[in-house]
Amino acid sequence: MDIHEYQAKELLSGYGVKIAEGGLAYSPEDAVQRARDIGGHIWAVKAQIHSGARGKAGGIKICKTHEEVAEAAEYLLGKRLVTHQTGSTGKICSRLYIEAGTEIAKELYFCFLVDRSSERIVMVGSSQGGMEIEELAVTNPDAITKIYIEPAVGLQDFQARQMAFAMGLDAEIMSHAVKTIRGCYRASRELDVSMLEINPLVVTNHNELIALDAKMSFDDNALFRQPKIAELRDKTQEDPREMAAADRGLSYVGLDGDIGCMINGAGLAMATMDMIKLAGGEPANFLDVGGGASAERTEKAFRLVLADENVKAMLVNIFAGINRCDWIAEGVVHAVQKLDMKIPLIVRLSGTNVEEGRRIIAESGLPIITADTLAEAAEKAVQARNAAVTKGGC
């Protein structure tokens, strides 16, 4: 789960991380009032969306008068911002963060994230902040320092000092840097953060260390013990299909293809998507309905897949172990009859009571295409998709 910049900054400030003064605005009038409250003669008007690279997309405006603040707010509110992280659909800006201008002497990059390959927390830093870290990793990988932290021991002061020196910080602000780094680490550990990124972390002309931006992502599986974090969720920034699936206990990831998938088991779902690609098609989603695919759960899964207007054909691939093929077949038939499907449906069943399941589908009288193997199912799904597109074109 991601949160907005202003929310991340509010959390970090509670752990001793210094931030610039700022306030939230939902209208141009709010934005001007926040600027007046902050004072000064320069402000940053920042679009609050769940994406990086907002500046390149025009989502951050530097303003020197209240009139410019109002104009920037008018321009950004309701605007769909498209970045390389949002994809072509972009994300709508519905709130702004008005922040005091900062006199920047140096921009740094700093991050904590979970590294699954090493089973450690990795601290990442660079003296070259304010740019895409992915770009820096390609053009100048030596400029990035990584320090791995043993979870059972935690972050040590010498590691924080090592990172501070690697980022080129002076001895004068070393104690502040260590406090900032330790505060970020405590926030990561205590709040079940999977990624905490500050880019840029800036040194001001007054030799202060300030988090000028902040991104935090949380482990969804830990939200049950972080109720205050769960309340920060902004569902308007999430894929509505994925949000609807999560609310119904289904594992769903939306993709850009047009062959909808309903599968039980994450591994089988990945294999099915690979087979669709191998057959020349593009999967529209990853959907794992789990082991207990009841008739009701099956109908919910069908509705989720069919809610995607890009779907031209649907493939159901079930390996019944704990479940039974006849139960799945009954659920599929019930869902197709209730939803009045208009697109081709391909079903491949395997496992417990497979013969009974195939019989139920065959005797249903519905135009369901069946397959015995995964390869055959993928090929038939691509063929059905191609036929549907050709027919639609005619």
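Heavy atoms only: backbone and side chains are in, while hydrogens, waters and symmetry mates are out.
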Is there a donor-acceptor pair under 3.5 Å between the side chain of Gln33 and the backbone N or O of Glu29?
no

Measure the NZ-CD1 distance between Lys46 and Ile60 for me, rounded to the nearest 0.5 Å.
5.5 Å

Inspect the contact between Glu356 and Arg359 and indicate whether a charged nitrogen and a carboxylate oxygen are less than 4.0 angstrom apart.
yes

Looking at Glu376, is its backbone amide N or carbonyl O close enough to the side chain of Thr373 to form a donor-acceptor pair, meaning the two atoms are under 3.5 Å apart?
yes

His50 to Gln237 - nearest heavy-atom pair and separation:
N-OE1, 3.0 Å

In the structure I gave you, are the side-chain heavy atoms of Thr145 and Val124 within less than 4.5 Å of one another anywhere?
no

Asn317 side-chain N/O to Val347 backbone N/O, donor-acceptor pair under 3.5 Å
no

After noting the C-alpha distance and the side-chain angles of Phe218 and Leu191, does the key distance pass the side chain to side chain contact (heavy atoms under 4.5 Å, CB included) rule?
CA-CA 8 Å; Phe218 299 86; Leu191 302 178; 4.0 Å; yes

Quick check: are there more than 12 heavy atoms from other residues, nucleotides or ligands sitting under 6.0 Å from CD of Glu10?
no

Short side-chain to backbone donor-acceptor contact, Asp170 and Ile173, under 3.5 Å
no

For the student: nearest non-hydrogen atoms of Cys111 and Met195, plus distance
SG-CG, 4.1 Å

Just to verify, what does Glu355 make a side chain to side chain contact (heavy atoms under 4.5 Å, CB included) with, not counting sequence neighbours?
Arg358

Inspect the contact between Lys277 and Asp274 and indicate whether a charged nitrogen and a carboxylate oxygen are less than 4.0 angstrom apart.
no

Taking the side chain as everything from C-beta on, heavy atoms only, tell me whether Arg385 gets closer than 4.5 Å to Glu282.
no

Side chains of Thr83 and Lys56: closer than 4.5 Å at any heavy-atom pair?
no

Under 3.5 Å, side chain of Lys312 to main-chain N/O of Pro344, donor-acceptor pair present?
no

Looking only at heavy atoms, which two atoms of Val45 and Cys63 are closest? And how far apart?
CG2-SG, 3.8 Å

To check you understand the geometry: which heavy-atom pair defines the closest contact between Lys380 and Thr370, and what is its length?
NZ-O, 2.8 Å

Sidechain N-carboxylate O distance under 4.0 Å for Lys61, Glu68
no

Is any NZ, NE, NH1 or NH2 atom of the basic residue among Arg348 and Asp372 found under 4.0 Å from an Asp or Glu carboxylate oxygen of the other?
no

Which heavy atom of Tyr26 sits nearest a heavy atom of Leu77, and at what distance?
O-CD1, 3.5 Å

For residues Tyr6 and Glu99, is any side-chain donor paired with an opposing acceptor at under 3.5 Å?
no

Side chains of Asp219 and Ser194 only: does a donor on one sit below 3.5 Å from an acceptor on the other?
no

Check Asp213 with Lys9, please: is the shortest side-chain N to carboxylate O separation under 4.0 Å?
no

Can you see which heavy atom on Leu169 is nearest to which on Met174, and at what distance?
O-CE, 4.0 Å

Do the side chains of Leu196 and Leu12 get nearer than 4.5 Å, heavy atoms only?
yes

Tell me whether Arg233 contacts the main-chain N or O of Ile3 through its side chain, where contact means a donor paired with an acceptor under 3.5 Å.
no

Is the shortest side-chain heavy-atom distance between Val17 and Lys179 below 4.5 Å?
no

Less than 4.0 Å between a side-chain N and a carboxylate O, is that true for Arg95 and Asp234?
yes

